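Each remark here refers to the structure printed beneath this line.
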Amino acid sequence: MTQIPFFRLMNYQKERRDNLNLMSKKKLIIIIGPTAAGKTEYAVDLAIKLGSPVISCDSRQIYRELRIGTAPPTPEQLSAVKHYFIFSHSIHDLYTAGKYEVETLALLEDLFKTHDSLVMAGGSGLYVDAVCRGIDNFPPADIPLRETLMQRLKNDGLESLRMELRLLDRESYETIDISNPQRVVRALEVFFATGKTFSSFKNFKSKTRDFEIEKLFIEKPREELYARINRRVDLMMEQGLLEEVRTLYPYRERPALKTVGYRELFEYLDGKCSIEEAIDLIKRNTRRYAKRQMTWWRRDIGTVIDNPSVRNRP
RNA sequence: GGGGAGAUACCAAAGUGGCCAACUGGGGCAGACUGUAAAUCUGCUGGCUUACGCCUUCGUAGGUUCGAAUCCUGCUCUCCCCA
């Protein structure tokens, strides 16, 4: 068994568990934590021990075209235990947290027929939440509409879109982060696609799952984590990340390739920076990513999932 | 040995008598997050304080001045040019 310096057990659905009583004793164990903390290794070991497959919860490792830069499980790990959502989708198809929720719940239902405990592992906080508490029934992304809005953002500026949102959906204007162009665009997109306001789709209630959820948060001292990240990036380069990126260059605009490790090397291939600079940027951006992951889960610790106030910020 | 330039916060770099606890960038820290989430966005970054505010900072030791990161002098160090 791998040595994990620190990990914290979170009684995530403690209250729910009491209410569930005999309904089900099925349990989903989710290994979460920042990138490069050792989730994959830990999950594989645990899965073998429990006779469970590993269900990945990673928004980038699902893409079969991405083999090096996303630090997916090794071929040995993949053959040691059955994995789901690794290399299962293509960068050419738009994938989202909403789809992940649907596909994963279907899979879990199926797997729970033959397993009592299932191991899930991943670093994508929104995807983990989609499984644990669900995403409200928002309309799916409307890409052509979104592109139109992005074009408007570019031409007229954010303020113009904000003003429009203020007129069409005052509530969203006052509650979402209007300094974030992505959020403003999405709110408008939903309005134009459905004629209903973005805010009207929110219901602030977590969905109910008929299985127990336990989260294991793997953490490491910051210094050690950063050292591991640096080492891993160097290793990826040795494994041929640059070659991989080169073959993916034509698809660089795909959302799936807006990914740490790929973007920076696209810039290098454009001649915008040296290879050394690109590698340093990958390391820096991975550190920042890890920090964001920790921020995301920090709020989970000690919170109760049914409390709407956790999600309904002022 | 002679001449010149410079030493500013974690780093780089502006500031050249009061509007300076000090522009800006990097790095770092913290936060947000409902179908792009490895995305996108926000705040902080000398100390103490909830805040008003107070205290200590611009190589170092003095000096001039009501007032100095800014002017003067000594010292230390760095860089460049000539020997």
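Please read all numbers here as calculations on a predicted model, not as lab measurements. In the text below, chain A, chain B and the rest are named by the order of the sequence lines, each starting its count at 1.
As a whole-Å value, the separation of A/Asn285 CG from B/A39 P is 7 Å. With rounding to whole Å, A/Ile178 atom CD1 is found 12 Å from B/U42 atom C1'. Rounded to whole Å, the distance from CG on A/Leu225 to P on B/C29 is 10 Å. At whole-Å resolution of the value, OH in A/Tyr100 and C1' in B/A38 are 15 Å apart. Regarding A/Ile32, its CD1 atom lies at a distance of 18 Å from the P atom of B/A37, rounded to whole Å. Nucleotide B/A32 holds its P atom 12 Å from the CG atom of A/Asp129, rounded to whole Å. Here B/A39 presents its P atom at 11 Å from CZ of A/Arg288, a figure rounded to the nearest Å. At whole-Å resolution of the value, OH in A/Tyr173 and P in B/C41 are 18 Å apart.
The aromatic ring centres of A/Phe266 and A/Tyr249 sit less than 6.0 Å apart.
When heavy atoms are screened at a 4.0 angstrom cut-off, A/Tyr63 is found touching no nucleic acid atom at all. Residue-level contact check: A/Gly261 touches neither bases nor backbone, having no heavy atom under 4.0 Å from any strand. Across all strands shown, A/Arg222 has heavy atoms under 4.0 Å from sugar-phosphate atoms exclusively, and none from any base. Nucleic acid contact for A/Tyr262: none, since no nucleic acid atom lies under 4.0 Å from a heavy atom of the residue. Contacts of A/Arg287 with the nucleic acid, taken as non-hydrogen atoms under 4.0 Å apart, involve only primed sugar atoms and P, OP1 or OP2. As judged by a 4.0 angstrom heavy-atom cut-off over every strand, A/Ser179 is placed among residues touching the sugar-phosphate backbone only. Counting non-hydrogen atoms under 4.0 angstrom, A/Asp58 reaches a base of the nucleic acid. In this structure, A/Thr70 reaches the bases: a heavy-atom distance under 4.0 Å links it to at least one base atom across the strands shown.
Distances were taken from every side-chain heavy atom of A/Met150 (C-beta onward) to each of B/U36, B/C41, B/G35; the shortest belongs to B/U36. Ranking B/G28, B/U34, B/C41 by closeness to the A/Arg183 side chain, first place goes to B/U34. Closest contact between the side chain of A/Lys291 and the listed nucleotides B/A38, B/A30, B/G28 involves B/A30. The side chain of A/Ala141 sits closest to B/G35 out of B/G35, B/A38, B/U40. Listed nucleotides B/A38, B/A37, B/G31 differ in distance to A/Arg298; the shortest reach to its side chain belongs to B/G31. Picking from B/A38, B/G35, B/U40 the nucleotide with the shortest atom distance to the side chain of A/Gln182 gives B/U40. Nearest nucleotide to the side chain of A/Tyr289, out of B/A39, B/A38, B/G35: B/A38. For A/Phe198, the listed nucleotide lying nearest its side chain is B/G35; candidates were B/G28, B/G35, B/C29. Distances from the side chain of A/Arg292 to the nucleotides B/G28, B/A39, B/A38 place B/A39 closest. Of the candidate nucleotides B/A39, B/A38, B/C41, B/A39 has the atom lying nearest to any side-chain atom of A/Arg263.
Ranked by how close their nearest RNA chain B nucleotide is to the 5' end, A/Val190 and A/Arg60 are led by A/Val190. Nearest-nucleotide assignment on RNA chain B puts the 5′-proximal partner with A/Arg186, out of A/Pro181 and A/Arg186.
Pairing for B/A9 is absent, with no Watson-Crick or G-U wobble pair whose two atom distances lie under 3.5 Å. Of the nucleotides present, none pairs with B/U34 by Watson-Crick or G-U wobble criteria with both distances under 3.5 Å. The partner of B/G1 is B/C82, judged by Watson-Crick or G-U wobble contacts that both fall below 3.5 Å. Across all strands shown, nothing is found opposite B/U16 as a Watson-Crick or G-U wobble partner with both distances under 3.5 Å.
Ring pair A/Phe198/A/Phe138 is tilted by interplanar angle, where 30° to 60° counts as tilted.
Only the P atoms considered, B/A68 is 28 Å distant from B/C77, to the nearest whole Å. Between the P atoms of B/C81 and B/C29, the separation comes to 40 Å (whole Å). Between the P atoms of B/G25 and B/G31, the separation comes to 23 Å (whole Å). B/A13 and B/G1 are spaced 34 Å apart, taking the C1' atom of each and rounding to whole Å. Taking atom P in both B/C66 and B/G4, the straight-line distance is 32 Å, to the nearest Å. Nucleotides B/G47 and B/C79 are separated by 34 Å at their C1' atoms, to the nearest Å. Taking the P atoms as reference points, B/A12 lies 24 Å from B/C44, given to the whole Å. Atom name P, nucleotides B/C71 and B/A5: the rounded distance is 13 Å, in whole Å.
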Verdict with supporting geometry, A/Tyr95 and A/His89, ring-ring contact (aromatic ring centres under 6.0 Å, His included)
CA-CA 8 Å; A/Tyr95 200 74; A/His89 295 69; 4.4 Å; yes
Stepwise, does the salt bridge (charged side-chain N to carboxylate O under 4.0 Å, His left out) test hold for A/Glu214 with A/Lys27?
CA-CA 7 Å; A/Glu214 181 171 82; A/Lys27 183 171 175 185; 3.5 Å; yes
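With a glycosidic angle no more than 90° from 0, B/G35 adopts the syn conformation.
At B/A39, none of the side-chain N or O atoms of A/Tyr127 fall inside 4.0 Å of OP1 or OP2 (strictly under the cut-off). Taking 4.0 angstrom as the limit, A/Ser59 places none of its side-chain polar atoms (N or O) nearer than this to OP1 or OP2 of B/U36. The phosphate of B/U36 has OP1 or OP2 within less than 4.0 Å of a side-chain N or O from A/Arg146.
In A/Gln239, the CD atom is crowded: over 12 heavy atoms of neighbouring residues, nucleotides or ligands sit closer than 6.0 Å.
Between the CG atom of A/Leu265 and the CG atom of A/Asp270 there is a distance of 11.0 Å, given to the nearest 0.5 Å.
No side-chain N or O of A/Asp58 forms a donor-acceptor pair with one of A/Thr70 less than 3.5 Å apart. Side chain to side chain, A/Tyr289 and A/Gln293 meet the donor-acceptor criterion of an N or O pair below 3.5 Å.
Cluster partners of A/Leu235, using a side-chain heavy-atom cutoff of under 4.5 Å among ILVMFWY residues and allowing indirect links: none.
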